[in-house]
J.: 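One structure is given below, represented as structure tokens, and several questions about it will come after.
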Amino acid sequence: MRYFWVALVFSLTGCVGVPDGIDPIQGFEAKRYLGTWYEIARLDHSFERGLQQVTANYSMRQDGGIRVINRGLKTASQQWKEAEAKAYFVEDRSTGHLKVSFFGPFYAPYIIFHLGADYEYALVTSTSKSYFWLLSRSKTIDDKLKIDLIEMIDKLGFETESLIFVYQSNELNTDKKGRD
């Protein structure tokens, strides 16, 4: 029974694995990644369900980690939700593999596996391919680029037919996939 509890604590506090077929980017430059990112697309999960106009802001922490502030508009209530987290590098600072915590000692992987040459967009996943985010420095991205990136993640095994495209304007999403 003791091994069960040890395994449970380890899985809740130190789970930073990488899904099969995904490689964190190398040559990552944290300073270039800092600032505001707009969520363009994601796979559904409970902690962002019903949110539009989602942004993530990254800044340096004094302890060498990265401060994360996620913000989004809950469309049903027209209320803004905000969550703050801390992130730390799993390997070295030049590998796009971090562990992020929104709740005390509990960490989850934050894996940047594709990044625009000028850090203008990023593809991010977590513990499995059921987590996916397409982030951009601007509220929209070029349609051809979006199609190319979706084809890429489809080949990697992400469920592209389940993608939610996030509205980044003051107009609310009337598409079924964007509602609560």
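All figures in this text were calculated on a predicted structure; none of them were measured in a lab.
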J.: Any side-chain heavy atom of Tyr107 sitting closer than 4.5 Å to one from Lys86?
T.: yes
J.: Main chain of Val166, side chain of Arg42: is a donor-acceptor contact present, judged purely on distance under 3.5 Å?
T.: no
J.: Take a 6.0 Å sphere around CD of Glu120 and say whether it holds more than 12 heavy atoms from other residues, nucleotides or ligands.
T.: yes
J.: State, yes or no, whether a side-chain contact exists between Val18 and Pro24 at a heavy-atom distance under 4.5 Å.
T.: yes
J.: Is the closest basic N to carboxylate O distance between Asp142 and Lys144 below 4.0 Å?
T.: no
J.: Looking at every non-hydrogen atom in both residues, tell me the closest pair between His97 and Gly17 and how far apart they are.
T.: NE2-O, 4.4 Å
J.: With no hydrogens and no angle check, is any side-chain donor or acceptor of Ser126 less than 3.5 Å from a backbone partner on Tyr110?
T.: no
J.: State plainly whether one hydrophobic cluster holds both Trp37 and Val68, where clusters connect Ile, Leu, Val, Met, Phe, Trp and Tyr through side-chain heavy atoms under 4.5 angstrom apart.
T.: yes
J.: If you define the side chain from C-beta out and look only at heavy atoms, does anything of Gln26 sit under 4.5 Å from Thr95?
T.: yes
J.: The test is side chain to side chain contact (heavy atoms under 4.5 Å, CB included); show your working for Trp133 and Glu48 and say whether it passes.
T.: CA-CA 11 Å; Trp133 295 269; Glu48 274 190 285; 2.8 Å; yes
J.: State, yes or no, whether a side-chain contact exists between Phe165 and Lys146 at a heavy-atom distance under 4.5 Å.
T.: yes
J.: Would you check if there is a donor-acceptor pair between the side chains of Ser128 and Ser130 at a distance under 3.5 Å?
T.: yes
J.: I'd like to check Ile66 versus Met60 (side-chain heavy atoms, cut-off strictly below 4.5 Å). Are they in contact?
T.: yes
J.: In this structure, which one of Thr55, Ile69, Asn57 forms a side-chain contact (heavy atoms from CB on, under 4.5 Å) with Glu82?
T.: Ile69
J.: In Å and rounded to the nearest 0.5 Å, what is the CG to CG distance from Leu156 to Asp20?
T.: 11.5 Å
J.: Could you state the interatomic distance from CD1 (Ile112) to CG (Leu98), rounded to the nearest 0.5 Å?
T.: 6.0 Å
J.: Honestly curious: do Leu135 and Tyr38 fall in one hydrophobic cluster under the side-chain, below-4.5 Å linking rule?
T.: no
J.: Could you report the tightest heavy-atom contact between Lys129 and Pro19, atom names first, then the distance?
T.: CG-CB, 4.0 Å
J.: Hey, is the main chain of Gly104 close enough, under 3.5 Å, to the side chain of Ser101 for a donor-acceptor pair?
T.: yes
J.: Evaluate whether atom CZ of Phe113 has more than 12 neighbouring non-hydrogen atoms of other residues, nucleotides or ligands under 6.0 angstrom away.
T.: yes
J.: Distance check, rounded to the nearest 0.5 Å: Glu39 atom CD versus Lys139 atom NZ?
T.: 14.0 Å
J.: For Arg137, does the CZ atom have more than 12 heavy-atom neighbours from other residues, nucleotides or ligands under 6.0 Å away?
T.: yes
J.: Would a line drawn from the ring center of Tyr121 to the ring center of His114 be shorter than 6.0 Å?
T.: yes
J.: Show your reasoning for whether side chain to side chain contact (heavy atoms under 4.5 Å, CB included) applies to Phe102 and Val100.
T.: CA-CA 7 Å; Phe102 285 91; Val100 63; 4.1 Å; yes
J.: Would you please test Arg67 and Tyr58 for side chain to side chain contact (heavy atoms under 4.5 Å, CB included) and show each step?
T.: CA-CA 6 Å; Arg67 179 178 184 227; Tyr58 303 93; over 6 Å; no
J.: How many angstroms lie between CD1 in Ile150 and CG in Leu145, if you round to the nearest 0.5 Å?
T.: 9.5 Å
J.: For a 4.5 angstrom cut-off between non-hydrogen side-chain atoms, does Leu115 reach Tyr33?
T.: yes
J.: Within this structure, what is the OG-CD1 distance for the pair Ser136 and Ile40, rounded to the nearest 0.5 Å?
T.: 4.5 Å
J.: Within a reach of under 6.0 Å around CZ of Phe103, are more than 12 heavy atoms found that belong to other residues, nucleotides or ligands?
T.: no
J.: Please lay out, stage by stage, how Val54 and Arg71 fare under the test side chain to side chain contact (heavy atoms under 4.5 Å, CB included).
T.: CA-CA 6 Å; Val54 179; Arg71 188 169 192 255; over 6 Å; no
J.: Side chains of Val124 and Phe132: does their closest heavy-atom pair fall under 4.5 Å?
T.: no
J.: Leu51 versus Leu73: any side-chain heavy-atom pair under 4.5 Å?
T.: no
J.: Please identify which of these residues, Asp154, Ile147, Leu149, meets the side-chain contact (heavy atoms from CB on, under 4.5 Å) condition with Glu151.
T.: Ile147
